[in-house]
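So the structure is just underneath, and the comments pick up after that.
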Amino acid sequence: MEVLVVGGGGREHAIIKKIKENKEVTKIYALPGNGGIAADAECAPIGAKDIDAIVDFALEHKVDYAIVAPDDPLVLGAVDALEAKGIPCFGPRANAAIIEGSKVFSKDLMKKYGIPTAEYEVFNDMNAALEYLETAPIPTVIKADGLALGKGVIIAETRDAAKEAVRSMMEDKVFGKSGDNIVIEEFLTGPEVSVLSFTDGKTVVPMISSMDHKRAHDNDSGLNTGGMGTVAPNPYYTEAVAEECMEKIFLPTINAMNAEGRTFKGCLYFGLMLTPKGPKVIEYNCRFGDPETQVVLPLLESDLLTVMKAVTEERLSEIEVKFSNKNACCVIMASEGYPEHYEKGYEITIPEEVAENVYVAGGALKEGKLVTSGGRVLGVTAVEDTLPEAIKASYGLVEKIHFDNAFYRHDIGARALAAKEE
Ligand code: AMP
Ligand code: GLY
């Protein structure tokens with residue numbers, strides 16, 4: 001069986017390594033993949049947003065199954081286009097991917113179906129938004145409607161900062177058309193939990209919970225990033241919380257999407273905040289999270305491809321999805337300066353015994369050598385019986401990897417450890 005994976009980051013590397021465990025898989029293609037993924041899949045230089053070229057490639061290479069991992073191609077209809085040519089896929093169609101593609105859509109969906117989330121107002125007129133901010137509670141949260149590379153959310157601590165955020169999105173269009181509409185919402189507090197789930201539109205199977213670390217530097221200082229590390233499971237996500245989320249959030253969301261004629265099939269990611277008033281949805285993603293995937297999939301004991309195909313064929317209720325009860329920690333090694341300016345092209349050395357634990361996000365091959373090509377360069381995951389062991393092991397592996405200008409956080413998992421002791 002030949003499998004095509006669309007995307008080229010650490011998340012895709014984790015998916016590919018897991019898919020490879022299936023004995024029926026004879027070939028994996030990655031579009032575009034990256035220099036590190038090239039060790040595990042055949043990469044071709046086709047961008048993840050180039051839907052026509054992806055479909056042509058899939059037909060030409062007669063792939064049997066496609067996995068569309070990133071948000072952009074999903075929102076642009078990659079699954080619809082592949083399915084139209086008879087290629088079975090893992091991932092939602094465009095009409096369901098909108099749950100991530102439009103914050104206005106997802107907020108209105110939650111309101112209509114009574115799914116707990118922050119209170120909010122939607123604006124398409126800048127002056128109305130600015131006027132609203134004269135009396136809105138502060139801090140407040142400003143979100144661009146559309147995809148914005150994970151940067152479309154601004155938490156404003158002052159009224160002036162909030163107005164500035166609105167102007168940057170609606171007047172200066174820093175996120176382009178994504179800022180035509182904005183959401184201004186209530187600032188919530190509490191621990192955050194990421195829950196990825198498999199769903200075929202009938203059944204929802206939550207994966208093991210995880211915790212992201214979004215700020216660039218230790219003690220949650222510095223700028224927001226795509227994620228500097230993760231641990232799984234997330235100690236705040238107790239069995240009681242899980243039950244409440246299933247009843248009040250997960251099932252209602254699947255049902256709401258069905259009721260809207262937008263059945264969601266694929267991986268639905270629930271970004272949750274456990275507020276004093278109960279769990280609330282901060283955001284939905286229509287895909288696997290990055291770097292959550294790099295701790296969640298190593299704990300999956302069931303065969304990933306079998307689960308994915310059950311989702312595609314709408315028979316998820318018939319199979320068992322098993323996770324190990326171990327702990328995983330992923331530390332991201334980035335290029336100094338990320339998420340702003342950084343240099344590329346430094347050689348990466350990964351000792352052979354560590355390679356299995358490494359998921360490359362920003363690596364390119366230059367004269368046969370792996371060099372840095374992105375801000376987030378790679379993630380290193382260790383799985384151990386306990387969280388302290390997993391943290392220690394992943395940092396031990398990090399020390400064996402080298403590239404110039406590397407930096408990483410030293411406190412991945414510290415918050416989770418503290419939570420366990422509370
Ligand atoms: P997002 O890009 O939607 O994941 O948002 C980025 C981060 O902003 C989240 O992980 C939260 O930490 C924070 N955030 C988003 N919405 C809210 C909110 N309503 N209240 C507090 N923090 C928020
Ligand atoms: N780690 C958050 C995301 O994938 O959006």
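Basis for what follows: all heavy atoms, side chains included, without hydrogens, waters or symmetry-related copies. Both ligands and their constituent atoms are indexed starting at 1 by order of listing.
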Given side chain to side chain donor-acceptor pair (under 3.5 Å), test D212 with S194 step by step and report yes or no.
-> CA-CA 7 Å; D212 196 1; S194 305; 5.6 Å; no

Give the single entry among N285, D290, T225 that approaches atom 4 (O) of ligand 2 most closely by any heavy atom.
-> D290

Which atoms of ligand 1 are found less than 4.0 Å from any heavy atom of K143?
-> 15 (C), 16 (N)

Proximal ligand 1 atoms for F187, defined as those under 4.0 Å from one of its heavy atoms | 20 (N), 21 (C)

Aromatic ring proximity, centroids under 6.0 angstrom, F57 and Y29 = yes

Relative to the heavy atoms of G289, which atoms of ligand 2 are at a distance of less than 4.0 Å?
-> 4 (O)

Please work out whether the ring planes of F288 and F198 are parallel, tilted or perpendicular, with thresholds of 30° and 60°.
-> perpendicular

Contact atoms of ligand 1, heavy-atom distance to V153 under 4.0 Å | 1 (P), 2 (O), 3 (O), 5 (O), 8 (O), 15 (C)

In terms of residue, atom name and distance, what is the protein heavy atom nearest to atom 1 (N) of ligand 2?
-> E292 OE1, 2.8 Å

Test side chain to side chain contact (heavy atoms under 4.5 Å, CB included) applied to F90 and V5, L305, V79, I67, the passing residue = I67

So the atoms of ligand 2 within less than 4.0 Å of a heavy atom of D212 turn out to be 1 (N), 2 (C)

Once you round to the nearest 0.5 Å, how far does OG of S209 lie from CD of E292?
-> 11.0 Å

Between R415, K214, R215, which is the residue that forms a salt bridge (charged side-chain N to carboxylate O under 4.0 Å, His left out) with D220?
-> R415

Y120 and D108 side chains, donor-acceptor separation under 3.5 Å = yes

Before signing off on this row, confirm whether E283 and ligand 1 have an N or O atom pair separated by under 3.5 Å.
-> yes

Nearest non-hydrogen protein atom, atom 2 (C) of ligand 2 = Y269 OH, 3.5 Å

For R287, the atoms of ligand 2 under 4.0 Å from one of its heavy atoms are 3 (C), 4 (O), 5 (O)

Any donor-acceptor pair under 3.5 Å from N405 side chain to S335 backbone | no

Would a 4.5 Å heavy-atom cut-off, applied to side chains only, mark I348 and H402 as touching?
-> no

Just let me know how E192 lines up against ligand 1, side chain, backbone, both or neither, with a heavy-atom cut-off below 4.0 Å.
-> side chain

Region of T189 that comes within reach of ligand 1 [heavy atoms, distance under 4.0 Å] = neither

Taking the six-membered ring for Trp and the single ring otherwise, decide whether the centroids of F250 and F270 are under 6.0 Å apart.
-> yes

Part of R11 with heavy atoms under 4.0 Å of ligand 2, whether side chain, backbone, both or neither = neither

Check: E389 main-chain N/O paired with T386 side-chain donor or acceptor under 3.5 Å | yes

One finds that the ligand 1 atoms under 4.0 Å from a non-hydrogen atom of E185 are 16 (N), 17 (C), 18 (C), 19 (N)

Ligand 1 to I155, heavy atom cutoff 4.0 Å, flagged ligand atoms 8 (O), 13 (C), 14 (N), 22 (N), 23 (C)

Relative to ligand 1, is I282 under 4.0 angstrom through side chain, backbone, both or neither, heavy atoms considered?
-> side chain

In terms of atom number and element, which parts of ligand 1 are under 4.0 angstrom from non-hydrogen atoms of K214?
-> 4 (O), 10 (O)

